Colleague: 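Quick one: the structure is below, and I'll ask about it shortly.
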Amino acid sequence: MMKKFTVLKGIAAPLMVPNIDTDRIIRIERCAGIPRERQGEYMLEMMRLDPDGSENPHFILNKPPFREAKILLAAENFGCGSSRENAVWALMGWGLRCIIAPSFGDIFFGNCFQNGMLPIRLSAATVERLAAAIEADAGNAVLTVDLERQRILTAQGEEITFEVEPLRRRMLLEGLDEIGLTLEHEAEIAAFQNRDRGVRPWLYV
Amino acid sequence: MTLSTATGTAAPSTLFDKLWERHVVAEPAPGVSLLHVDRHFFTDLHSPEFKLLAARGLPVRNPEMTFCVADHVVSSRPGRTGGNAAWSETYLADLRAGSKRYRIKLFDVNDDGQGIAHVIGPELGITQPGMLVVVGDSHTSTHGALGALAWGIGSSEGVHVLATQTVVQRKPKRMRIRFEGTPGPGVEAKDLILHAIGKLGTAAGAGYAVEYAGSAIRALDIEGRLTVCNLSIEMGAKSGMIAPDEKTAAYLRGRRYAPKAEHWDLAVQHWKTFGTDDDAVFEREVEIDVRKIRPQITWGTSPQDVIAIDATIPDPASAGGERRQAMLAALEYMGLVPGQPIAGTKIDWVFIGSCTNSRMSDLRSAANVVRGRKVAAHVRAWVVPGSQGVKRDAEAEGLDRIFREAGFEWREPGCSLCVGANGELVGPGERCVSTSNRNFVGRQGPGARTHLASPPMAAAAAIAGVITDVRQSTLEKR
């Protein structure tokens with residue numbers, strides 16, 4: 001059963017660096033060598049930790065109140081690069097449930113919905129404005145993301161609407177799993193293959 | 001000349017749209033398509049996912065359409081029997097157990113068909129025009145070079161494919177990039193696509209499926225086309241593809257999994273029915289004049305950070321905002337000074353390999369630079385062929401001898417130093433000219449500095465011990 005996502009209220013941390021790739025979010029040896037449920041400890045380790053393994057005190061996610069962030073404000077092309085779904089698992093393992101950015105890597109964007117993570121596309125100007133308000137005063141850091149109403153409520157009471165494709169929205173709200181939904185189409189899959197076997201017999205040998 | 005001979009009165013359409021339509025099984029919601037997956041490669045890194053499938057009690061719906069591949073975690077060390085990372089044996093054991101349990105063909109560590117999924121798919125004829133091919137790997141776009149729909153998927157989607165032989169997809173927008181003209185000396189397929197990424201940016205393709213076209217694409221052999229399509233994801237594109245032509249059919253004929261004699265003519269006839277119509281509309285069109293492209297090399301930590309080999313390292317002062325900060329961070333990480341020529345930068349490593357550039361034509365063009373010369377004493381240089389087939393062919397041609405005599409290590413097939421999932425890494429602060437696809441921070445190892453380039457550029461750097469212009473290197477050789 002996938003984690004449901006309905007309303008999320010929490011600290012939003014601004015990480016306004018463009019092109020944060022999934023290798024950066026979690027290194028390959030962590031993907032391969034660390035159990036999935038512990039990968040959150042290695043999220044963004046090359047930014048979060050110094051080479052000796054100690055915390056980099058200047059990194060946003062190491063500072064209060066952002067250590068407790070549930071929402072990440074990010075710059076263009078967040079999650080680009082490798083298809084590793086571990087990037088989503090690591091971000092969620094750290095405690096994040098929502099990423100707000102002007103654009104995302106396509107595979108990462110899809111992977112989020114498979115795990116109960118909500119990625120939201122907002123204009124660069126809007127993300128930068130939210131980030132600037134929080135950077136100026138951490139008192140502004142609490143955001144409420146309401147998926148049902150497709151609105152973000154800021155600490156100052158501003159409401160920002162966002163788009164989510166309806167099927168994905170429903171799957172998050174109800175915690176539905178894609179495999180379960182597709183298995184309902186088994187008859188159509190079988191019919192496709194029967195038809196296709198006549199057109200492309202060389203595929204079925 | 002593309003193969004397409006289709007005529008009719010239907011609205012003009014792109015190659016991508018035509019193939020998409022042919023794979024639609026159902027539409028679970030408006031704008032959402034359930035697509036049939038024709039071929040699925042399941043790499044060793046995904047082997048834990050067999051357990052997810054088992055936990056749900058689901059069978060593999062069409063085991064004959066999936067191929068398990070040992071590529072990421074395997075050692076490239078000569079004489080290997082498995083991997084050298086702490087986790088390698090677990091992943092390989094799970095892969096073997098899963099392939100056995102579900103009756104999926106496995107290309108195991110030293111099997112004669114083993115290699116990188118994106119190399120063996122085309123090489124064994126598993127990938128064919130018009131197919132939908134998915135892999136839990138972002139460089140799946142490679143397979144599009146044969147006129148296939150092909151893109152990378154995540155782990156959850158991979159389990160979905162095993163269970164249902166379909167993927168749930170939203171149709172991307174269409175972009176066409178035309179490469180026109182004849183490239184100058186020393187300019188390879190890798191340079192064409194790196195130049196395009198530099199010009200368009202690493203996010204330009206987000207939300208798009210790209211079709212590559214133009215005279216320079218038609219002129220490329222299939223292996224060059226595989227390199228071009230491979231890097232589609234580095235501009236953020238979901239997929240990259242090239243319309244099949246006579247070269248595509250000639251390339252596939254007789255390969256192990258290509259359509260057999262009784263189906264061959266039918267298959268080729270089928271392949272002729274697709275190709276982009278003359279009046280088809282793309283949401284974005286780009287034209288690139290290939291005559292202006294010089295050999296490329298990256299200077300930063302994103303594939304878009306690329307310049308011509310005779311250019312100087314860019315100055316962040318010329319950029320604004322986030323871009324300026326990103327450039328400063330990249331230069332600091334890479335240990336480079338703006339305004340300096342990139343040529344002459346001392347290197348420690350050369351890696352010739354990866355799903356981008358590890359095929360016969362890549363090894364030949366690198367060997368042509370290397371022949372009769374020596375790798376600089378301070379440089380460690382590796383050649384990792386993309387597959388057992390490439391390795392065998394290269395050895396039959398004597399390429400391994402050319403590399404070995406020059407001081408290169410001639411290694412076993414796999415992903416190796418492109419991503420380090422097998423524990424093979426470039427050391428902190430060390431500088432590597434690499435024919436792979438990503439120069440991300442830490443990609444080749446924590447603190448490792450990667451410069452992406454073509455195989456002959458990497459070979460020239462190995463000889464000179466510094467980043468060097470392959471055109472100059474070739475002149476010196478004469």
Side-chain angles (χ1 to χ4, degrees), chain A residues 2 16-19 21-24 27-29 31-33 36 46-47 51 75-77 80-86 88-89 103-111 114-115 128 165-168 170 177-179 181-186 188-189 191-193 196 199-205, chain B residues 25-26 28-32 34 36 38 45 56 58 61 73 85-87 91 130-131 136-138 152-157 159-160 163-166 168 170 172 202-203 206-207 233 236 238 259-260 263 266-267 270 302 322-323 325-326 329 419-421 423 428 438 440-443 446-447:
Chain A
M2 196 179 73
M16 301 305 285
V17 180
N19 302 318
D21 57 76
T22 54
D23 276 74
R24 188 87 75 104
R27 297 189 48 76
I28 192 73
E29 65 267 32
C31 298
R36 176 171 163 175
M46 292 184 287
M47 303 176 95
E76 188 193 26
N77 207 23
C80 61
S82 158
S83 61
R84 61 189 69 169
E85 201 159 314
N86 310 75
V88 179
W89 303 337
S103 59
F104 292 89
D106 283 343
I107 305 174
F108 174 83
F109 190 76
N111 285 344
Q114 302 279 355
N115 292 279
E128 280 161 21
E165 188 246 294
L167 179 61
R168 282 176 158 159
R170 193 183 130 217
D177 164 75
E178 204 168 63
I179 293 178
L181 291 180
T182 297
L183 288 173
E184 293 171 16
H185 294 280
E186 171 52 34
E188 287 151 288
I189 300 169
F192 177 95
Q193 290 188 347
D196 193 40
V199 182
R200 302 187 296 172
W202 60 92
L203 248 72
Y204 294 85
V205 291
Chain B
V25 169
V32 182
L34 186 66
H36 186 263
D38 300 326
L45 268 185
R56 301 181 61 134
L58 292 169
R61 192 183 187 291
V73 307
W87 52 82
Y91 279 76
M131 282 182 169
D137 191 282
S138 59
I153 57 174
S155 296
S156 299
E157 288 178 302
V159 177
H160 186 281
T164 70
Q165 204 54 39
T166 61
V168 179
R170 286 83 183 158
T202 189
I233 183 72
K238 181 178 191 68
K260 298 285 178 272
H263 289 137
L266 190 63
H270 176 75
S302 163
E322 285 170 6
R323 176 64 187 147
Q325 292 305 315
V419 58
R438 289 190 173 133
F440 294 161
V441 168
R443 170 78 175 185

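Here the structure is a predicted model, which is why all the values come from computation and not from measurement. Residue numbers begin at 1 in each chain, while the letters A, B, ... track the order of the sequences.
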Colleague: Who among Ser156(B), Pro259(B), Ala29(B) has the most heavy-atom pairs with chain A under 4.5 Å?
Modeller: Ser156(B)
Colleague: Mark yes or no for whether Gln114(A), through its side chain, and Glu157(B), through its backbone, hold a donor-acceptor pair below 3.5 Å.
Modeller: no
Colleague: Sort Thr166(B) into side chain, backbone, both or neither according to what part of it lies under 4.5 angstrom from a heavy atom of chain A.
Modeller: side chain
Colleague: Answer with side chain, backbone, both or neither: which region of Ile107(A) has an atom nearer than 4.5 Å to a non-hydrogen atom of chain B?
Modeller: side chain
Colleague: Heavy-atom pairs under 4.5 Å with chain B: which of Cys80(A), Pro201(A), Gly110(A) has the most?
Modeller: Pro201(A)
Colleague: If you count heavy-atom pairs under 4.5 Å with chain A, which of Ser155(B), Ala203(B), Gly154(B) comes out on top?
Modeller: Ser155(B)
Colleague: Measure distances from Leu45(B) to the heavy atoms of chain A and classify the residue's part below 4.5 Å as side chain, backbone, both or neither.
Modeller: side chain
Colleague: Using the ring of each side chain (for Trp, its six-membered ring), is His263(B) parallel, tilted or perpendicular to Trp202(A), with breaks at 30° and 60°?
Modeller: tilted
Colleague: Given heavy-atom pairs under 4.5 angstrom as the criterion, report whether the side chain, backbone, both or neither of Glu165(A) touches chain B.
Modeller: side chain
Colleague: Using non-hydrogen atoms and a 4.5 Å limit, figure out which bit of Val88(A) sits close to chain B: side chain, backbone, both or neither.
Modeller: neither
Colleague: What part of Met16(A) lies closer than 4.5 angstrom to a heavy atom of chain B: side chain, backbone, both or neither?
Modeller: both
Colleague: Using heavy-atom distances under 4.5 Å, tell me whether Val159(B) contacts chain A through its side chain, its backbone, both, or neither.
Modeller: both
Colleague: Identify which of Leu167(A), Val205(A), Val199(A), Asp23(A) forms the greatest number of heavy-atom pairs closer than 4.5 Å to chain B.
Modeller: Asp23(A)
Colleague: Let me confirm one number: the CG-OG1 distance from Leu34(B) to Thr182(A), rounded to the nearest 0.5 Å.
Modeller: 5.0 Å
Colleague: Top residue by heavy-atom pair count (under 4.5 Å) with chain B, among Asn111(A), Asn77(A), Asp21(A)?
Modeller: Asp21(A)
Colleague: Could you tell me which portion of Asn115(A) (side chain, backbone, both or neither) has an atom closer than 4.5 angstrom to a non-hydrogen atom of chain B?
Modeller: side chain
Colleague: Could you give the distance from NE2 (His160(B)) to CG (Leu181(A)), rounded to the nearest 0.5 Å?
Modeller: 8.0 Å
Colleague: Is Ala267(B) in contact with chain A via its backbone, its side chain, both, or neither, using a 4.5 Å heavy-atom distance?
Modeller: both
Colleague: Looking only at heavy atoms, which two atoms of Asp177(A) and Arg56(B) are closest? And how far apart?
Modeller: OD2-NH2, 2.8 Å
Colleague: Testing the basics here: between Gly423(B) and Ala85(B), what is the closest heavy-atom pair and its distance to 0.1 Å?
Modeller: N-CB, 3.9 Å
Colleague: So which atom in Ile28(A) and which in Ala421(B) form the shortest heavy-atom distance, rounded to 0.1 Å?
Modeller: CG1-CB, 3.6 Å
Colleague: Mind ranking Arg168(A), His185(A), Glu188(A), Glu186(A) by heavy-atom pairs under 4.5 Å with chain B and telling me who comes out on top?
Modeller: Arg168(A)
Colleague: Shortest non-hydrogen contact from Ile179(A) to Ala163(B)?
Modeller: CG2-CB, 4.3 Å
Colleague: So which residue, Gln193(A), Met46(A), Glu29(A), ends up with the most heavy-atom pairs under 4.5 Å with chain B?
Modeller: Gln193(A)
Colleague: Could you measure the distance from the CG atom of Asp38(B) to the CG atom of Leu203(A)? Nearest 0.5 Å is fine.
Modeller: 5.0 Å
Colleague: Got a second to check how far Phe440(B)'s CZ is from Asn19(A)'s CG, nearest 0.5 Å?
Modeller: 8.0 Å
Colleague: Using a 4.5 Å cut-off on heavy atoms from C-beta on, say whether the side chain of Val17(A) contacts that of Glu322(B).
Modeller: no
Colleague: On a heavy-atom basis, which atom in Ala32(A) and which in Tyr91(B) lie closest, and how many Å separate them?
Modeller: O-OH, 2.9 Å
Colleague: Sort Leu58(B) into side chain, backbone, both or neither according to what part of it lies under 4.5 angstrom from a heavy atom of chain A.
Modeller: side chain
Colleague: Checking Val441(B) against chain A: side chain, backbone, both or neither under 4.5 Å from a heavy atom?
Modeller: both
Colleague: Tell me which of these, Gly442(B), Ser138(B), Gly130(B), has more heavy-atom pairs under 4.5 Å with chain A than the rest.
Modeller: Ser138(B)
Colleague: CD/Glu85(A) to CD1/Ile153(B) distance, rounded to the nearest 0.5 angstrom?
Modeller: 9.5 Å
Colleague: Heavy-atom cut-off 4.5 Å, strictly under: side chain, backbone, both or neither for Ala86(B) against chain A?
Modeller: neither
Colleague: Please determine, among Gly447(B), Ala329(B), Pro28(B), Pro446(B), the option with the most heavy-atom pairs under 4.5 Å with chain A.
Modeller: Pro446(B)
Colleague: Under a 4.5 Å heavy-atom cut-off, does chain A meet the side chain of Gln325(B), its backbone, both or neither?
Modeller: neither
Colleague: Select one option (side chain, backbone, both, neither) describing which atoms of Arg84(A) are under 4.5 Å from chain B's heavy atoms.
Modeller: side chain
Colleague: At a 4.5 Å cut-off on heavy atoms, which part of Arg438(B) comes close to chain A: side chain, backbone, both, or neither?
Modeller: side chain
